Protein chains: 2
Amino acid sequence: MNIGEAARASGVSAKMIRHYESIGLVPPAGRRDSGYRDYGAADLHRLGFIRHARDLGFSLERIKVLLGLWVDPGRSNADVKAIAEAHLRELEERARQLNEMADALRSLADACDGDGRPDCPIIASLVTGADAPACHPNPAPATPEPPAPRGKARTKR
Amino acid sequence: MNIGEAARASGVSAKMIRHYESIGLVPPAGRRDSGYRDYGAADLHRLGFIRHARDLGFSLERIKVLLGLWVDPGRSNADVKAIAEAHLRELEERARQLNEMADALRSLADACDGDGRPDCPIIASLVTGADAPACHPNPAPATPEPPAPRGKARTKR
DNA sequence: TGTGAACGTTCCCATCATGGCAAGGTCAAC
DNA sequence: GTTGACCTTGCCATGATGGGAACGTTCACA
């Protein structure tokens, strides 16, 4: 089985299969006389395993460990679970950070009329680092202006 | 003001300040006779703007646009809002994906006893690509074994 | 038997934002 | 004058993936 067929069958691109081989995530594929890599069912299984782990966001480094546990008949599911939970905590932490950003940005965007005037709480917040105003406490809090150009030499930029 | 002081004052590392200069996100800093970069209040403002935008997860590319709008007295807050909302949608999408992964991984981890035996629904799911079993439908669905080693030529690896 | 398309190979480069390191120049305090 | 903290430029690395060049192989079809 060519690398292209293996790619289609496993859902891992040929490019990535070669990469995984180069970093030792999959063993070096057998070669035909032509130099073409040759894949069998066992290879497809391994590639499928990797793809499913990638779908769950596991890093290649952790997948390497999971593959080691997979092929270890004496593995402990506690080891597997520990890796999964470590990854889960990282996923949750990253999601938390994204949600924090999204929440902050959402209130800024909500506070912006988007009516075509220059006044903009989003810009204002980026300038001052402050959060979005509660609602519209003051009617027209002029958007802070950019700092004056350097010295007198405007053309210097 | 040295780059180090500017870094401390703005919360942007010296390394990044140089980088931002190299990609045109900040104008080339003034230089002293020694060749040292020299920063003033306007530069700190700009760096602070960038840092706050980075804190909200904006890409440097988008920050470049936001900076352009900031310094444009004729800007429309609709333009700013459009960029913010585009970014917001991306944040939400990324968070959604992470949560999807986390949910899937959580049910797998919950389904794993972690009692030290080799049986492991996490490994099983990575092998088959199937979701976590509903709860524990069958008492001991033996974890799928790794594929047999390649043919008879184990040394071929 | 030739030929062309589709595939394979290796190697290098790019992404994105950031950090690290090395070799060398500058500054300020003692 | 020495020392330590700082600055300069330049290159390399990250992690996972894609793109492309230059060149070899396979296979079907005329």
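Quick note: numbers below take in every heavy atom, side chains included, and nothing from hydrogens, waters or symmetry partners. Lettering of chains follows the sequences in order, A, B, ..., and the numbering in each one begins at 1. What you see is a predicted model, and the numbers here were worked out from it, not measured in a lab.
Summary of the strand contacts: A:Phe58 and A:Asp33 both lie near DNA chain D, and taking for each the nucleotide with the nearest heavy atom, the more 5' one is attributed to A:Phe58. Nearer the 5' end of DNA chain C, as judged by each residue's closest nucleotide, is the contact made by A:Gly35, out of B:Ser59 and A:Gly35.
Inspection of the B:Asp115 and A:Asn77 side chains reveals an N or O donor paired with an N or O acceptor under 3.5 Å. A:Arg32 and A:Asn2 are linked by a side-chain donor-acceptor pair at a separation below 3.5 angstrom, with hydrogens and angles left out of the test.
With hydrogens and angles ignored, the 3.5 Å screen pairs a side-chain donor or acceptor of A:Lys81 with a backbone N or O of B:Cys112.
Counting only heavy atoms from C-beta outward, the side chains of A:Leu105 and B:Glu85 never approach each other to under 4.5 Å.
The distance from atom NE2 of A:His87 to atom P of D:dG15 is 15 Å, rounded to the nearest whole Å. As rounded to whole Å, 16 Å separates atom P of D:dA5 from atom CD of B:Glu5. Going from atom CZ of A:Arg94 over to atom C1' of D:dG15 covers 11 Å, rounded to whole Å. Protein atom OH of B:Tyr39 is 16 Å distant from nucleotide atom P of D:dC6, rounded to whole Å. The distance from atom CZ of B:Arg18 to atom P of C:dG20 is 13 Å, rounded to the nearest whole Å. The interatomic distance linking B:Glu21 (CD) with D:dT8 (C1') rounds to 12 Å, in whole Å. Rounded to whole angstrom, the span from the CZ atom of B:Arg8 across to the P atom of D:dA5 amounts to 13 Å. Between B:Arg51 atom CZ and C:dT18 atom P there is a gap of 11 Å when expressed in whole angstrom units.
Of the candidates D:dT8, C:dA17, D:dG18, the closest approach to any side-chain atom of A:Ser13 belongs to D:dG18. Closest approach to the B:Met16 side chain among D:dT9, C:dT9, C:dG19 is made by C:dG19 (side chain taken as heavy atoms from C-beta onward). Between C:dT18, D:dT25, D:dA16, one nucleotide has an atom nearer to the side chain of A:Ser34 than all others, and that is D:dT25. Of the candidate nucleotides C:dT9, C:dG8, C:dA17, C:dA17 has the atom nearest to the side chain of B:Leu60. Out of C:dT18, C:dT9, D:dA16, the shortest distance to the side chain of A:Arg54 is found at D:dA16.
Ion pairing between A:Asp103 and A:Arg106 holds under the 4.0 Å rule for side-chain N and carboxylate O.
A donor and an acceptor atom never sit less than 3.5 Å apart when one is taken from the side chain of A:Lys15 and the other from the base of C:dG8. Interface remark: the A:Tyr36 side chain does form a donor-acceptor pair with the C:dC7 base, using a distance-only criterion of under 3.5 Å.
The shortest distance between the side-chain N/O atoms of A:Tyr20 and the OP1/OP2 oxygens of D:dT17 is below 4.0 Å. Under 4.0 angstrom from either OP1 or OP2 of C:dT10 there lies at least one side-chain N or O belonging to A:Arg31. Residue B:Arg37 has no polar side-chain atom (N or O) positioned under 4.0 Å from OP1 or OP2 of D:dC7.
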